[in-house]
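Below is one structure, written out as structure tokens; comments come after it.
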Amino acid sequence: MFTYQFARPVLTVDALIFFPSPEGTRIVLIERGKEPFKGKLALPGGHFEAHGDESLESAARRELRE
């Protein structure tokens, strides 16, 4: 059984990036590197550090860089 290591509630930020292509609209996905669902496809995103001075936009940019 998987146990979460973070206290609840947790705030996350996810990015939805889509673009047209000759084959149709595409979206950007990443392969999850950690459990749960390691190896599965997901939207780029992660935890929002609400206790710092990070904005939602800067959190989304950080996650996309990572």
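Numbers for residues simply follow the sequence, beginning at 1. These numbers come from a predicted model, not from an experiment.
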Please name all residues satisfying salt bridge (Lys or Arg N to Asp or Glu O under 4.0 Å) with Glu57, sequence neighbours left out, ordered by chain then number. Arg61

Among residues at least two apart in sequence or on other chains, which ones pass salt bridge (Lys or Arg N to Asp or Glu O under 4.0 Å) with Arg62? Glu54, Glu66

Cluster companions of Leu29 among Ile, Leu, Val, Met, Phe, Trp, Tyr (side-chain spacing under 4.5 Å): Leu16, Phe18, Ile27, Leu41, Leu43

Thr12: what forms a side chain to side chain donor-acceptor pair (under 3.5 Å) with it, not counting sequence neighbours? none

Ser21 meets the side chain to side chain donor-acceptor pair (under 3.5 Å) criterion, sequence neighbours left out, with Glu23, Arg26

Pairwise distance CZ(Phe48) to CG(Leu56) - rounded to 0.5 angstrom: 4.5 Å

Please report the closest heavy-atom contact between [X] and [Y], naming both atoms and the distance.
X	Y	result
Leu64	Ala15	CD2-CB, 4.0 Å
Gly46	Asp14	N-OD1, 4.4 Å
Gly39	Glu31	O-CG, 3.5 Å

Is any side-chain heavy atom of Glu63 less than 4.5 Å from a side-chain heavy atom of Val13? yes

